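Each remark here refers to the structure printed beneath this line.
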Amino acid sequence: MTLLPPVPGFDADTARPPIGATRPMGDPSAEPFGERSSLLDGLNPQQREAVTYRGPALLILAGAGSGKTRVLTHRIAGLLAAREAWPSQILAITFTNKAAAEMRERIAGIVGQASDGMWVSTFHSACVRILRREAEAFGFTSSFTIYDSADSKALVRRIVKQSEADVLGFTVGGVQSRISKLKNELIDPDGFARQSNASDPRDAMFLEMYRRYVRELQRANAFDFDDLIGQTVWLFRAFPDIAAKYQRRFRHVLVDEYQDTNHAQYALIRELTRGVEPQHVPADTRMEVDATGGIPGASLTVVGDSDQSIYAFRGADIRNITEFERDFPSARVIMLEQNYRSTGNILDAANAVIRNNFDRHDKKLWSADGPGTKITGFTGYSGHDEAQFVADEIHALHDSGVSFRDMAVFYRTNAQTRALEEILIRSAVPYRLIGGTKFYERAEIKDLLAYLMTTANPADELSTRRILNSPKRGLGPATETALWDYAQKHDVTFREAMRRASELGFGPKATRSITELAKLLDEASAALQPQPGGGPGATVGETVQRLVQGSAYLEALMKTGNPQDEARAENVEEFVNVAKEYDKTHPDGSLVEFLTEVALVAAADEIDDESGAVSLMTLHTAKGLEYDAVFITGVEEDLLPHRISAGEPGGPAEERRLFYVGITRARKRLYLTLAMSRAQFGETAVAMPSRFLQEIPGELIEWRQSPGDVTSRGGSRPRALNATGAWQGGDGGGRRPVGSEGYGTAGGYSRVTMRPSEASGGAASATPTSGAARGAPKRSWGNAITGAVRDNSGLVLERGDRIRHTDFGEGTVRAILGSEAKRIAEVDFDSAGRKKLLIKLAPIEKV
DNA sequence: TGCCGATTCATTTTT
DNA sequence: TGAATCGGCA
């Protein structure tokens with residue numbers, strides 16, 4: 001878990017302007033960059049200007065890999081080094097906590113301690129900090145709970161059920177996303193009422209549910225993700241004096257990934273950078289005031305690239321960037337187009353793809369470096385086959401000196417990870433899944449978190465109800481409803497209703513269960529406070545321990561004998577350790593802070609740069625990251641672009657940007673892979689190469705196995721490809737009738753026929769391969785790679801042993817690497833080439 | 001109340 | 001394919 005630094009003390013009115021603040025702005029030749037020219041060393045002219053420009057608004061259009069992080073950090077470091085700003089006057093917004101931590105570190109690396117007190121965080125974290133301070137002003141407490149999407153979904157589910165809205169065709173997901181969209185547009189229930197048609201029963205029903213949802217959150221003293229932004233904006237608008245506090249404090253606001261901000265975030269930025277009205281300026285201020293006695297708005301720097309806007313689905317509005325100059329008429333615009341990341345071929349491909357989006361400024365990335373290696377293309381028969389290629393290639397790259405952590409595999413949908421994981425595991429590729437179902441999303445962990453949430457925030461009904469019967473206490477839906485009815489009728493919280501269980505006429509068993517639970521929670525809540533004897537309140541670790549023991553949660557899991565529950569018990573134990581660890585790393589941390597962090601971890605925050613593992617993630621998660629070698633998998637129609645995007649306005653263009661983002665993550669090696677058939681929920685469906693592939697000039701891609709090579713079932717190639725002749729290789733090996741030459745037998749895969757020209761020059765020499773496949777007999781086959789695994793823990797292999805593999809046929813063990821459970825066999829297969837296999841899991845047996 | 005099997009359902013991307 | 005919900009029975 002990535003942990004945020006402790007929240008520094010904050011009092012806006014003690015934040016005084018630095019001596020240098022009255023220096024005329026917009027004079028880049030002022031001494032900071034004279035004496036500290038190191039800040040500008042190695043920057044190109046555009047980057048220099050982006051670092052030194054001073055003025056109210058600056059838009060940096062930064063193409064992928066153009067060094068924008070460097071520009072941002074140097075810009076901030078410059079402000080600090082020249083004493084133009086105190087650290088506390090700087091607010092920098094990044095997309096992930098990890099990016100924030102990195103930026104903070106890099107700035108500290110330049111100016112040292114002078115950077116303490118800056119706010120460098122995500123939109124969400126920054127808003128939580130503000131809301132925790134100001135919550136009391138508008139009916140919340142500072143220990144409010146943050147509901148993640150699963151929590152809010154649970155709440156919506158209950159509301160939909162109670163309103164019997166499903167008969168009108170409402171789905172939980174639909175209602176949830178509609179509410180989220182409205183919140184991102186800052187439209188509250190009243191606003192919706194105004195714009196909707198009251199006589200339409202569906203609108204009326206939705207309005208009622210929206211109102212209830214908002215009311216329930218308020219009652220539970222909770223915010224959902226969208227509220228964190230929206231409520232902050234609302235707070236600023238409703239309480240100008242509170243807004244003024246932050247407007248006075250933050251004199252320099254910088255926003256990264258501006259193309260992915262939604263309307264609420266845009267509004268937040270506008271509120272923060274608004275000038276302070278004279279009546280909100282303290283009489284004794286030492287800040288610069290204008291003619292009317294007000295304080296001018298903070299300077300705003302935004303960095304973005306409209307070609308990398310990939311979050312329109314969650315409300316991101318490209319107009320925020322395209323209309324920046326309209327919103328801030330005096331804005332300066334600087335373009336960064338030189339790319340320092342990728343090789344020429346990769347950039348050419350990226351440019352060629354993105355050029356097909358017509359509604360964009362023409363912008364072209366260029367590099368001073370050479371073209372580099374060609375892009376490698378591969379078409380598998382199935383998702384497993386594709387995954388096997390990825391696994392083999394990862395080993396080959398690793399053998400040629402690329403470390404695992406410098407490689408990444410991207411995919412469009414999380415569902416694609418299954419085949420990838422199966423193959424990577426048995427091929428002994430160390431990998432790490434970024435995102436997907438996270439540790440904190442597991443049911444047992446969510447249960448523990450719910451215990452903690454209700455301890456920290458007793459008003460949190462949703463969390464309380466979640467744990468009412470877990471572990472099983474014999475308190476079913478009937479009891480829950482009775483408690484809820486009582487709470488409603490007497491206008492008390494659910495927790496209070498639990499305390500009064502004896503008045504509700506439950507059976508003795510239920511009554512005792514409820515009272516005990518209420519007592520446990522109340523005691524845990526009380527223990528959080530500083531103790532009367534003068535002792536400090538309970539730590540996070542202590543609280544977790546108390547709750548786990550008091551609820552017998554772990555015990556219940558351990559005695560079921562169910563192997564899945566064993567895994568759950570392990571997770572519980574791990575969570576206890578995480579909590580204890582938090583105590584150590586955050587001696588002053590509170591339970592509320594711990595819960596905040598857990599709620600706001602982003603997928604990309606999980607990346608551990610030290611781990612020696614290949615990273616697997618969705619294309620969305622990949623934004624902002626870079627790797628030496630990148631595999632983009634599933635480059636197929638209906639997957640990338642995804643089928644659902646076709647129906648949405650701007651959908652296909654957004655998919656193209658997503659592909660563009662993926663391509664531009666690669667520094668040196670890029671692989672584009674696809675499969676001719678893909679398993680999707682049980683059935684196997686035929687897949688077609690993505691239209692995006694044809695947008696890349698043929699000479700940039702070297703196909704190890706092109707779509708033409710693997711068309712099966714009678715050999716006719718997809719129409720689209722015939723029409724354009726896009727696949728170099730002409731008739732290549734593609735039309736070889738299926739069923740010839742050993743097809744379908746024990747199989748093995750080989751690099752299918754190449755054109756003579758390719759075979760002589762390109763593939764073999766230009767790319768590191770394990771080599772063994774070369775010279776193997778030509779062979780075509782069906783969906784031979786199965787992803788089968790087997791428990792081989794007892795199998796002992798030695799060099800020279802003959803083995804048989806379900807997919808690769810027979811082979812000879814060449815070497816044994818690793819030890820114990822991680823023993824790896826390096827095997828020369830007779831027809832499939834050399835592979836590394838995890839002995840414990842690979843589907844092999846001794847012959 | 002809780003457990004079991006049966007059935008149905010949905011699978012884009014995420015702070 | 002697998003998660004999630006449903007209905008019937010103990």
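Note that the structure is predicted; figures quoted are calculated from it, not measured. Each chain gets a letter, A, B and so on, in the order its sequence line appears, and its residues count up from 1.
Partners of A:A222 by side chain to side chain contact (heavy atoms under 4.5 Å, CB included), not counting sequence neighbours, listed by chain and number: A:T145, A:Y147, A:L217, A:A220. The salt bridge (charged side-chain N to carboxylate O under 4.0 Å, His left out) check on A:R466 picks up A:D447, with sequence neighbours excluded. With sequence neighbours excluded, the residues satisfying ring pair (Phe, Tyr, Trp, His ring centres under 6.0 Å) with A:Y486 are A:H490.
Atom name P, nucleotides C:dA4 and B:dT13: the rounded distance is 15 Å, in whole Å.
In this structure, of B:dT14, B:dT13, B:dT15, it is B:dT15 that holds the atom nearest to the side chain of A:S149.
Distance alone, capped at 3.5 Å, places no donor-acceptor pair between the A:R568 side chain and the A:E444 backbone. In terms of modelled atom types and a separation under 3.5 Å, the side chain of A:D226 and the main chain of A:N184 share no donor-acceptor contact.
By the 5.5 angstrom centroid cut-off and the 30-degree plane limit, A:F313 is classified as stacked against the base of B:dT13.
From the 5' end on, the contacts that DNA chain C makes with chain A at under 4.0 Å to a non-hydrogen atom open and close at C:dT1 to C:dT5.
More than 12 non-hydrogen atoms from other residues, nucleotides or ligands lie less than 6.0 angstrom from CZ of A:R158.
If you check every strand for non-hydrogen atoms under 4.0 Å, A:Y311 touches sugar and phosphate atoms only.
For A:Y553 and A:F575, the ring centers are positioned 6.0 Å apart or more.
For residues 649-666 of chain A, the pairs satisfying salt bridge (Lys or Arg N to Asp or Glu O under 4.0 Å) are A:R412-A:E655, A:E654-A:R657, A:R656-A:E695, with sequence neighbours left out.
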Which pairs, protein N/O on one side and nucleotides 1-3 of chain B N/O on the other, fall under 3.5 Å?
unit_1	atom_1	unit_2	atom_2	d
B:dT1	OP1	A:T479	OG1	3.2
B:dG2	OP1	A:G474	N	3.3

